[in-house]
Amino acid sequence: MWLSSALINHLCAEGKIPPNATLMFEIELYAVTKGPRSIETFKQIDMDNDRQLSKAEIELYLQKDFEKDANPRDKSYQKAVLEDIFKKNDHNGDGFISPKEYNVHQHDEL
């Protein structure tokens, strides 16, 4: 059973949504923001488990990722991506990307 949004609003107000009803919602996107990155991906890139990402670790990760791509990339492109990652993420300029710079948020429940 398909229900219109007006009917859904009416039924919700009365608490009478029929069983097995298909509810359809209209969603409007207002903004896209950069959210936290996955702690799992950070750990996967951090090969020596020192809780920071070096250029060598990210370069290896990117190389493996580029190999999966159907469109082969040349080394200059890969190097440009690596430099861009460090330019945008290595805020303190120490040559490493920390979990904070990587924008990782870890929750107790994870």
Side-chain angles (χ1 to χ4, degrees):
M1 170 189 282
W2 181 84
L3 301 173
S4 72
S5 59
L7 181 57
I8 290 170
N9 289 338
H10 176 72
L11 293 173
C12 284
E14 293 183 10
K16 298 180 181 177
I17 298 177
N20 301 318
T22 300
L23 302 178
M24 299 187 74
F25 298 92
E26 291 180 23
I27 299 173
E28 187 172 339
L29 180 64
Y30 288 106
V32 176
T33 60
K34 191 173 174 183
R37 297 177 186 169
S38 156
I39 187 70
E40 291 80 15
T41 302
F42 185 92
K43 288 178 180 179
Q44 185 180 6
I45 298 170
D46 185 18
M47 302 295 285
D48 59 7
N49 297 317
D50 64 352
R51 298 209 22 89
Q52 58 184 3
L53 305 179
S54 67
K55 282 191 176 185
E57 289 171 324
I58 295 176
E59 185 174 26
L60 181 61
Y61 180 81
L62 288 174
Q63 184 177 350
K64 289 178 182 178
D65 196 50
F66 286 138
E67 287 171 359
K68 296 177 199 173
D69 195 357
N71 301 326
R73 310 281 186 185
D74 63 20
K75 288 287 184 186
S76 64
Y77 177 79
Q78 292 179 24
K79 194 163 212 61
V81 170
L82 180 65
E83 293 304 319
D84 188 57
I85 288 170
F86 272 85
K87 181 180 175 184
K88 292 180 179 174
N89 295 283
D90 184 15
H91 304 294
N92 63 5
D94 67 352
F96 295 94
I97 297 176
S98 69
K100 185 177 181 180
E101 291 171 323
Y102 188 77
N103 195 21
V104 168
H105 295 282
Q106 191 169 12
H107 301 280
D108 292 337
E109 67 272 10
L110 299 178

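Scope of the values below: all heavy atoms of this structure, side chains included, with no hydrogens, waters or symmetry mates. Predicted model, so just to flag it, every value in this text is computed and none were measured.
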key: Least distance between heavy atoms, M47 atom then E57 atom   = N-OE2, 3.1 Å
inquiry  = Can you give me the closest heavy-atom contact between F96 and E101, atom names plus distance?
reply    = O-OE1, 3.1 Å
Straight-line distance of [X] [atom1] to [Y] [atom2], nearest 0.5 Å:
X: K55; Y: E83; atom1: NZ; atom2: CD; value: 4.0 Å
X: Q44; Y: L53; atom1: CD; atom2: CG; value: 11.0 Å
X: H91; Y: K88; atom1: NE2; atom2: NZ; value: 11.5 Å
X: R51; Y: K43; atom1: CZ; atom2: NZ; value: 8.0 Å
X: N103; Y: S98; atom1: CG; atom2: OG; value: 10.0 Å

Can you find a pair of side-chain heavy atoms, one from [X] and one from [Y], that are under 4.5 Å apart?
X: Y102; Y: I45; result: yes
X: K75; Y: Q63; result: yes
X: L82; Y: D84; result: no
X: K68; Y: D65; result: yes

ask   = Do any N or O atoms from the side chain of N89 and from the backbone of I85 form a donor-acceptor pair under 3.5 angstrom?
value = yes
message = Applying a strict under-4.5 Å side-chain criterion to I, L, V, M, F, W and Y, I'd like to know whether Y77 and F86 cluster together.
response = yes
inquiry  = Among residues at least two apart in sequence or on other chains, which ones pass salt bridge (Lys or Arg N to Asp or Glu O under 4.0 Å) with D94?
reply    = none
